[in-house]
Amino acid sequence: MRADRLLSLVLLLRHRGRMTAPAIARELEVSTRTVLRDVEALSAAGIPVYAERGRHGGFALLPGFSTDLTGLTPDEAVALLTSPARATSDALGLGEAFSSAIRKVVAALPEGSREAATDATGRVLVRRGGFLRDAPEPPAVDALHTVQRAVFTGHRLRIRYAARGAEEGRWRTVEPLGLVEAAGAWYLLALHDGADRTYRISRIEAAEELDEPAQRPTGVDLEELWQRRRDEFRRALPHVVARIRVREERRAELTRTALTVTDPGTVRTTEDTEDADGEPGEVAEDERTDQDVAAGGWSVMTAAFGDLRHAIRVVWSLAPDAEALHPPELVTALRERAEAVAAAHRP
């Protein structure tokens with residue numbers, strides 16, 4: 001709806017400050033022409049938005065202009081009230097501030113929307129544990145509050161960090177860029193001597209916030225930076241690439257647990273052969289197609305794993321609905337494990 005887009009535009013300018021029309025268009029996923037029409041509509045409605053020309057120009061709101069949150073729809077309010085951000089706020093020591101903010105959001109809603117939102121949130125419960133087991137609570141991280149404070153204040157940080165495999169941590173001074181919580185673990189994205197670094201918070205043995213401004217580049221996109229570093233880390237792993245035959249209903253699990261999964265072309269297995277003189281001959285290929293191997297509701301996928309143990313663990317967890325076709329060492333390891341399990345359970 002246009003009203004929602006106009007409100008989003010006002011909040012965007014309040015948060016980002018001066019922005020060009022193309023930048024606003026990308027953020028709101030509309031055309032530049034639509035942005036210009038929306039700006040004109042806001043001006044006609046009395047919203048003090050103005051344009052600045054020139055190389056560094058754009059649209060901005062007059063300083064001091066403020067809005068309230070009465071433009072929230074009931075669905076948007078419910079999304080806030082049931083947000084998992086509460087757990088993140090508790091971990092950062094901001095649980096009380098989060099609760100206070102939620103109360104202000106509720107108070108700002110119109111009466112009808114307030115009743116609908118609070119009634120809906122009373123009918124939704126999100127819990128980490130299931131019927132059979134409770135998910136482990138994330139471990140307390142002593143250094144997290146110090147790191148969080150330095151990130152928020154924009155100060156440099158001195159940390160004693162124990163890298164994987166190191167007997168003890170080493171002190172270093174870093175320029176914090178941001179905090180990321182992923183899969184229950186916290187990470188600090190920072191610069192050290194100008195180089196990109198990612199530090200797992202649980203490995204920070206001690207942290208000191210320094211009374212010095214951090215050298216943080218302008219325009220840091222934390223989500224893009226995290227994704228790039230995550231992709232670089234995965235590419236650096238000594239991958240094991242395997243072909244896996246998997247039932248259609250289990251494909252999603254394979255995709256979720258492997259590093260990457262793609263649909264392969266022709267399924268080929270290669271073996272070195274020897275000619276009559278005992279010299280290496282041509283490579284023999286099994287020209288079975290995916291359709292041949294994947295008949296009867298099965299698919300053949302090419303999956304990348306961190307190492308052989310990772311591949312064994314994933315395929316074993318999918319058995320008997322998954323079969324390793326290649327490489328031979330993975331096939332052999334799974335066969336030996338299956339034989340050992342069968343032998344242990346013989347009557």
Quiz prompt | Thr198 and Arg229 side chains, donor-acceptor separation under 3.5 Å | solution = yes
Can you name the closest pair of heavy atoms from [X] and [Y] and give their distance?
X: Ala322; Y: Trp298; result: N-CZ3, 4.1 Å
X: Val39; Y: Val49; result: O-CG1, 3.9 Å
X: Thr32; Y: Ala25; result: N-CB, 3.9 Å
X: Ile244; Y: Ala324; result: CD1-CA, 4.1 Å
X: Ala258; Y: Val261; result: CB-CG2, 3.8 Å
X: His345; Y: Val341; result: ND1-O, 2.8 Å

Shared hydrophobic cluster for [X] and [Y] (ILVMFWY, side-chain gaps under 4.5 Å):
X: Leu179; Y: Trp226; result: no
X: Ile159; Y: Leu189; result: no
X: Val314; Y: Leu334; result: yes

Self-check item: Linked hydrophobic residues, Leu210 as query - side chain contacts closer than 4.5 Å
Solution: none
Quiz item: Run the salt bridge (charged side-chain N to carboxylate O under 4.0 Å, His left out) check on Arg156 and Asp211 step by step: do they pass?
Solution: CA-CA 7 Å; Arg156 302 182 78 196; Asp211 190 19; over 6 Å; no
Quiz prompt | side-chain hydrogen bond (donor to acceptor under 3.5 Å, both in side chains) partners for Glu27, two or more places apart | solution = Arg16
Exercise. For residues Val10 and Ile47, determine if any side-chain heavy atom of one lies less than 4.5 Å from a side-chain heavy atom of the other.
Key: yes
Practice problem: Would you please test Phe59 and Met19 for side-chain contact (heavy atoms from CB on, under 4.5 Å) and show each step? | Solution: CA-CA 5 Å; Phe59 295 105; Met19 295 182 67; 6.0 Å; no
Quiz item: Quick one: does NZ or CZ of Arg200 land under 6.0 Å from the six-membered ring centre of Trp186, within 45 degrees of the ring axis?
Solution: no
Self-check item: More than 12 heavy atoms from other groups under 6.0 Å of CZ on Arg337
Solution: yes
Practice problem: Quick one: list whatever passes ring pair (Phe, Tyr, Trp, His ring centres under 6.0 Å) with Tyr199, sequence neighbours left out. | Solution: Tyr161
How many angstroms lie between atom [atom1] of [X] and atom [atom2] of [Y], to the nearest 0.5 angstrom?
X: Leu62; Y: Tyr50; atom1: CG; atom2: OH; answer: 6.5 Å
X: Gln215; Y: Glu212; atom1: CD; atom2: CD; answer: 9.5 Å
X: Ser299; Y: Arg247; atom1: OG; atom2: CZ; answer: 11.0 Å
X: Leu9; Y: Leu13; atom1: CG; atom2: CG; answer: 5.0 Å
X: Leu318; Y: Arg250; atom1: CG; atom2: CZ; answer: 5.0 Å
X: Thr260; Y: Met301; atom1: OG1; atom2: CE; answer: 10.5 Å

Quiz prompt | Evaluation steps, side-chain contact (heavy atoms from CB on, under 4.5 Å), between Thr173 and Leu157 | solution = CA-CA 6 Å; Thr173 299; Leu157 192 64; over 6 Å; no
[X] side chain to [Y] main-chain N or O, any donor-acceptor pair under 3.5 Å?
X: Thr34; Y: Val30; result: no
X: His155; Y: Val151; result: no
X: His310; Y: Val240; result: no

Practice problem: Evaluate the side chain to side chain donor-acceptor pair (under 3.5 Å) criterion for residues Glu208 and Thr146: first the C-alpha distance (whole Å), next the side-chain angles of each, then the deciding distance (0.1 Å), finally the verdict. | Solution: CA-CA 7 Å; Glu208 299 175 2; Thr146 302; over 6 Å; no
Quiz item: Could you walk me through whether Ile204 and Arg160 pass the side-chain contact (heavy atoms from CB on, under 4.5 Å) check?
Solution: CA-CA 6 Å; Ile204 296 180; Arg160 189 173 71 219; over 6 Å; no
Exercise. Dump the intermediate steps for side-chain contact (heavy atoms from CB on, under 4.5 Å) on Arg197 and Leu191, then the final yes or no.
Key: CA-CA 6 Å; Arg197 293 289 183 268; Leu191 298 176; over 6 Å; no
Exercise. Decide yes or no on salt bridge (charged side-chain N to carboxylate O under 4.0 Å, His left out) for Arg37 and Glu40, but give the supporting numbers first.
Key: CA-CA 5 Å; Arg37 286 199 301 264; Glu40 184 177 354; over 6 Å; no
Quiz item: Going by an N to O cut-off under 4.0 Å, is there a salt bridge joining Glu175 and Arg216?
Solution: no
